2 protein chains.
Amino acid sequence: MPKRVDHEERRAQIAEALIRVAGRQGLHAVGMRDVAAEAGVSLRLVQYYFETKEKLLFYGLQHLTDRFTARVGARLAAAGPDPGPRATVEALLLASLPTDDESRTFHLLYSSYAILSVTDEALAAQPFIDNPDAAENAMAGLLERAQGAGLADPEADARTEAISLLAMAAAMGTSILVGQRSPEAAIAVLHHHLDRIFTAPGTSERGAGAN
Amino acid sequence: MPKRVDHEERRAQIAEALIRVAGRQGLHAVGMRDVAAEAGVSLRLVQYYFETKEKLLFYGLQHLTDRFTARVGARLAAAGPDPGPRATVEALLLASLPTDDESRTFHLLYSSYAILSVTDEALAAQPFIDNPDAAENAMAGLLERAQGAGLADPEADARTEAISLLAMAAAMGTSILVGQRSPEAAIAVLHHHLDRIFTAPGTSERGAGAN
DNA sequence: CCCTTCATGATACCGTCGTACCACATTGGT
DNA sequence: ACCAATGTGGTACGACGGTATCATGAAGGG
């Protein structure tokens, strides 16, 4: 038999091409020929590894969320070993804002998929990240731990605040994406709420902050 | 000359057809033939009143925002003459949540247009509502008035809180749209923050609230 | 050594979509 | 009464997109 190529790696490579071209032209405007050209392969190859466009799109979503998860993990790791709850929460929120090309593309495409899923049941059935509310649970858990450690307002409802923070980050991310707001303004708003929730004793060095 | 028909009315009627079919199939999947069929007219007619699909889409966005503005105005009027600042703010926020078919369609299509505008400069140049930050200014103004009247926490930064409230409403609206959260849960979170901001003296009847 | 099987390339097909063109009806003005 | 401008319908055209088909190259096993 011939070259015996790693299919999974090839698929990943094509998926990255999909993400790049979709980030440029918009997910709706991407065709198999565009993906093939971007990946430097022939149209037939794209068909070979993903039989149908639908499967390519699904795989693209999966790849997108995987890459984003990895990126957030790296950001957390870069915040040092065992950072405080506030630093962790802040890192999570800031990582989800579209501040550079990669996160801009992620935000754009994730939003595109989400909007698509409203009218496309096949896409809605797809595992959209593990995120029915994984991020929400993680964030709520962090806030509760902070409360337990006396670092956050014990009166606050952790789950409600978690939902609020994530919602604000998401919506302001979109504002940034469409050029309605600057990343700095969004970060300032998030800091405001972190200051409100975290009754920080020694963790009040914010302003010339991390990222 | 022949029938002398009201072009503007005809355009509005076709635009509503566009909105209906786009709400069903998604904005990306709508074609001129679909719009014509939905409006009960011939394809040629759609071409006659909007020469190009792009113009149809632009007009559709305009019509969508007009209808939404009117709807919000009606909601405010329904809240009685000169309601308190909190009731006004609450009405504005709740009106923007996708709780019924009309608001669901609005939220879906507005989000679709917004995402589209990221990669389509012609659409980005369009007056996307009057909303670079009209809603934000209005909301901030309301909060400031409430502070002046001693109804809201005077320590709070009105603009920051306005941005926060609108952002949460927007993001949770999307969560509702994709079926990730119930309208009730979203409303509860919003109420939580209204309770935090408004130091309501007699306005503490919330829970079996307005809408 | 060759044959089977995996991998890849070129290209054809069929549907759809936006747009353009042609034809006709209707009606108000002269 | 006829003409011309407005409104409306039917249909064709060119392009593009996803998918399918045919063909070929490469390599490991009998």
Side-chain angles (χ1 to χ4, degrees), chain A residues 1-61 109 112-113 116 119-123 126, chain B residues 1-22 24-61 112-113 116 119-123 126:
Chain A
M1 299 95 178
K3 282 208 297 190
R4 229 65 227 291
V5 112
D6 183 344
H7 279 213
E8 209 51 42
E9 184 183 327
R10 199 70 113 165
R11 268 192 272 266
Q13 161 193 347
I14 296 178
E16 303 234 349
L18 162 65
I19 291 172
R20 279 196 304 274
V21 62
R24 252 183 284 127
Q25 316 177 344
L27 190 58
H28 66 285
V30 69
M32 315 228 30
R33 287 166 175 87
D34 303 278
V35 175
E38 176 76 22
V41 301
S42 78
L43 170 61
R44 180 66 181 83
L45 262 265
V46 181
Q47 284 188 223
Y48 183 72
Y49 290 104
F50 309 90
E51 283 112 53
T52 177
K53 186 188 183 182
E54 190 177 46
K55 290 181 183 166
L56 169 61
L57 288 178
F58 289 175
Y59 191 95
L61 172 59
L109 296 188
S112 300
Y113 276 113
L116 259 305
T119 47
D120 184 336
E121 47 186 289
L123 188 55
Q126 216 65 11
Chain B
M1 299 96 181
K3 279 209 296 189
R4 228 72 226 291
V5 111
D6 184 344
H7 279 212
E8 209 50 42
E9 184 183 327
R10 199 72 113 163
R11 268 191 272 266
Q13 160 194 346
I14 295 178
E16 302 235 348
L18 162 67
I19 291 173
R20 279 196 304 274
V21 63
R24 253 184 284 127
Q25 317 177 345
L27 190 59
H28 65 286
V30 68
M32 316 234 15
R33 287 167 176 84
D34 303 278
V35 175
E38 177 76 22
V41 301
S42 78
L43 170 61
R44 182 63 182 83
L45 262 264
V46 181
Q47 283 189 229
Y48 183 71
Y49 290 103
F50 308 91
E51 283 111 52
T52 177
K53 186 188 184 183
E54 191 178 45
K55 289 182 184 167
L56 169 61
L57 288 178
F58 289 175
Y59 191 95
L61 172 59
S112 300
Y113 275 113
L116 260 285
T119 47
D120 184 337
E121 47 185 289
L123 188 56
Q126 216 64 12

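Just so you know, these numbers come straight off a predicted model, no measurement behind them. Letters A, B, ... are given to chains in the order of the sequence lines, protein chains preceding strands, and every chain is numbered from 1.
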If we check side-chain contact (heavy atoms from CB on, under 4.5 Å) with A/V35, which of these qualifies: A/I19, A/L56, A/L43? A/L56
Could you check how far [atom1] of [X] sits from [atom2] of [N], rounded to whole Å?
{"X": "A/F50", "N": "D/dT19", "atom1": "CZ", "atom2": "P", "answer": "13 Å"}
{"X": "B/L45", "N": "C/dA25", "atom1": "CG", "atom2": "C1'", "answer": "13 Å"}
{"X": "B/H28", "N": "C/dC17", "atom1": "NE2", "atom2": "C1'", "answer": "14 Å"}
{"X": "B/K55", "N": "C/dG18", "atom1": "NZ", "atom2": "P", "answer": "16 Å"}

How long is the straight-line distance from [atom2] of [Y] back to [atom1] of [X], given to the nearest 0.5 Å?
{"X": "A/H28", "Y": "B/D120", "atom1": "NE2", "atom2": "CG", "answer": "6.5 Å"}
{"X": "A/L57", "Y": "A/Y113", "atom1": "CG", "atom2": "OH", "answer": "5.0 Å"}
{"X": "B/L27", "Y": "B/L116", "atom1": "CG", "atom2": "CG", "answer": "6.0 Å"}
{"X": "B/K55", "Y": "B/F50", "atom1": "NZ", "atom2": "CZ", "answer": "11.0 Å"}

What contact category does B/V30 fall into here, base, sugar-phosphate, or nothing, at under 4.0 angstrom with non-hydrogen atoms? sugar-phosphate
Heavy-atom contacts, protein to nucleotides 19-24 of chain C, under 4.0 Å, summarised as B (base), S (sugar-phosphate only) or - (none) per nt, yield BBB---
If you compare every side-chain N and O of [X] against the phosphate oxygens of [N] (OP1, OP2), does one of them come in below 4.0 Å?
{"X": "B/H7", "N": "D/dG7", "answer": "yes"}
{"X": "A/Y49", "N": "C/dT8", "answer": "yes"}
{"X": "B/Y48", "N": "D/dG7", "answer": "yes"}

Would you say the side-chain atoms of A/R11 pair up with the backbone N or O of A/Y49, donor to acceptor, closer than 3.5 Å? yes
